Amino acid sequence: MTFSQTLQYLVEKAIISSEQSDVLKKEDATRPISIHWEIRVLLLAGISFLCGGLGVLVYKHIDTIGHQVIIGFIALATLLCGWWVYKKRQPFLTHKAQKEQPLADNMLLLGCSLFLILEGYLQYQYQIFGTRYGLATLIPTVLFFFCAYRFDHIGVLTMAMTAFFSWAGLTVTPLSIFKEDVFRHEPTLIHTGMTTGAILIIAGLLLNFRKIKPHFTFSYLNFGFNLVCIAALYGALSIDKTLYSMICMAFCILAVLYARREKSYFFLLAGVIYGYIAFTILMTKIDFSFEGWLLYGVLSCFAIVMFFLNYKKFFE
């Protein structure tokens with residue numbers, strides 16, 4: 001039913017008068033339409049295309065342009081982005097800032113992306129960090145965390161967390177995991193993942209308690225919780241089913257309790273799913289028959305579906 005049909009129905013039922021219907025039609029016809037998110041998507045897509053095009057340009061014309069020219073161009077673009085953001089800066093606030101210059105957010109994101117390209121280019125071509133890869137990831141980690149808080153940018157905070165993961169030794173390509181079974185031969189990566197995730201969770205809760213950028217809390221808890229659970233599940237599958245499954249379920253219980261407190265459907269869903277996977281892995285220690293596993297699958301899935309159909313009662 002269209003808006004006009006709805007108004008006609010209300011007039012026929014004498015719920016509103018014809019004059020009120022005319023006013024509503026005029027308001028609907030003249031009301032401005034917000035294109036805020038469309039513009040933001042276009043700007044973010046433009047940043048991605050610009051960085052990708054820059055990479056293609058470097059790859060295809062490296063012999064004719066020269067390394068120094070390319071490095072100078074990237075450095076100049078990075079500095080211009082930084083200058084623009086600094087010029088349009090607002091006073092630092094511990095709560096969410098009202099953005100008067102939305103373009104500054106995209107310039108900051110572009111500047112951080114260009115900085116990563118510049119650092120990677122210098123390392124690849126001139127080995128400025130040598131084999132000190134920890135320093136190469138620590139610099140953007142510190143810089144991005146500073147920029148995220150100073151200029152109140154969740155996107156840059158995400159980049160900072162990713163750099164923090166790399167600094168903590170979590171840079172493992174998905175292909176190497178499947179081919180080399182990295183987690184089985186290097187269990188320290190599992191422990192590093194759980195430790196890093198726990199640090200992010202604790203940091204997010206402490207900063208939220210101190211009312212320092214509380215709108216960043218979700219990003220901290222989201223990254224930290226997923227990292228802990230994924231690492232724990234890898235540990236359960238490759239090292240010790242009981243220990244790591246129990247660790248994963250413990251964090252899932254905390255996530256569900258947090259979800260109930262904050263009425264967060266996301267953490268409720270994530271906690272239940274991760275917890276169900278961990279519990280199922282733990283149940284594999286029991287020697288069930290095929291019929292037993294079939295019954296377990298049917299009953300457990302039915303219970304989860306019924307729970308989410310009535311999840312609103314859980315938040316009461």
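Everything numeric in this text was worked out from a predicted model, so none of it was measured.
Note that the CD1 atom of I154 and the CG atom of L109 stand 12.5 Å from one another [nearest 0.5 Å]. Atom CD1 in I71 sits 13.5 Å away from atom CZ in F73 (nearest 0.5 Å). Rounded to the nearest 0.5 Å, atoms SG (C81) and CG (L76) are 9.5 Å apart. Taking CZ from F267 and CD from E262, the interatomic distance works out to 9.5 Å, rounded to the nearest 0.5 Å. Taking CE from M159 and OG1 from T162, the interatomic distance works out to 8.0 Å, rounded to the nearest 0.5 Å. Note that CG of L207 is 11.0 Å distant from OG1 of T94, once rounded to the nearest 0.5 Å.
Closest approach of P91 and R150 over heavy atoms only: C-NH1, 4.1 Å. The minimum heavy-atom distance between Y276 and C301, with the atom names listed, is OH-SG, 4.0 Å. Smallest separation of non-hydrogen atoms from I281 and A236: CG2-CB, 4.0 Å. The shortest heavy-atom contact between A278 and M249 is CB-CG, 3.7 Å. Contact between L116 and P140 at its shortest, heavy atoms only, is CD2-CB, 3.9 Å. When all heavy atoms of A148 and F216 are compared, the closest pair comes out as O-CZ, 3.6 Å.
The ring of W293 has its center closer than 6.0 angstrom to the ring center of Y296.
The number of heavy atoms from other shown groups lying within 6.0 Å of CE (M246) does not exceed 12. When the shell of 6.0 Å around CZ of F302 is examined, it contains 12 or fewer heavy atoms from other residues, nucleotides or ligands. Environment of OH in Y265: crowded, with over 12 heavy atoms of neighbouring residues, nucleotides or ligands closer than 6.0 Å. In this structure, Y86 places its OH atom where only 12 or fewer heavy-atom neighbours from other residues, nucleotides or ligands lie under 6.0 Å away. For CZ of F129, the number of neighbouring non-hydrogen atoms (other residues, nucleotides, ligands) closer than 6.0 Å is greater than 12.
Side-chain contact between C147 and L108 is present, with heavy atoms from C-beta onward closer than 4.5 Å. Side-chain contact between I201 and F251 is present, with at least one heavy-atom pair separated by less than 4.5 Å. Within the 4.5 Å cutoff, the side chain of T158 has no heavy atoms near those of the F144 side chain. A 4.5 Å side-chain heavy-atom check between F308 and L268 finds at least one atom pair inside the cut-off. Side-chain contact between L205 and L221: present, with at least one pair of heavy atoms (C-beta onward) separated by less than 4.5 Å. The side-chain heavy atoms of F279 and S245, taken from C-beta on, include no pair separated by under 4.5 Å. Between F165 and L227 there is a side-chain heavy-atom pair separated by less than 4.5 Å. Between L309 and M306 the shortest side-chain heavy-atom distance falls below 4.5 Å.
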Do M107 and K88 pass the side chain to side chain contact (heavy atoms under 4.5 Å, CB included) test, and can you show the C-alpha distance, the side-chain angles, and the key distance before you say yes or no?
-> CA-CA 10 Å; M107 293 297 288; K88 302 296 182 180; over 6 Å; no
Apply side chain to side chain contact (heavy atoms under 4.5 Å, CB included) to I139 and F115, showing your working.
-> CA-CA 10 Å; I139 291 175; F115 177 82; 4.0 Å; yes
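A donor and an acceptor atom, one from each side chain of Y244 and S238, are nowhere located under 3.5 Å apart. In this model, no donor atom of one side chain and acceptor atom of the other lie less than 3.5 Å apart for S264 and Y258.
Applying the side-chain hydrogen bond (donor to acceptor under 3.5 Å, both in side chains) rule to pairs touching residues 210-224 yields Y149-Y220, D152-H215, N208-T217, N222-N226, sequence neighbours excluded.
Proximity of a side-chain donor or acceptor of R260 to a complementary backbone N or O of F314 within less than 3.5 Å is detected. Side-chain N or O atoms of Q90 include none that pairs as donor or acceptor with a backbone N or O of F151 at under 3.5 Å.
When the side chains of ILVMFWY residues are joined at heavy-atom separations under 4.5 Å, either directly or via intervening members, L254 and Y311 end up in two distinct hydrophobic clusters. Criterion: ILVMFWY side-chain heavy atoms under 4.5 Å apart, direct or through other members. Under it, I273 and F266 are part of a common hydrophobic cluster. Criterion: ILVMFWY side-chain heavy atoms under 4.5 Å apart, direct or through other members. Under it, L80 and V156 are not part of a common hydrophobic cluster. Linking Ile, Leu, Val, Met, Phe, Trp and Tyr residues whenever their side-chain heavy atoms come within less than 4.5 Å leaves L79 and W84 in two separate clusters. Under the 4.5 Å side-chain heavy-atom criterion for Ile, Leu, Val, Met, Phe, Trp and Tyr, F307 and V305 are members of distinct hydrophobic clusters.
Relative orientation of the W167 and F164 rings is parallel, given thresholds of 30° and 60° on the angle between their planes.
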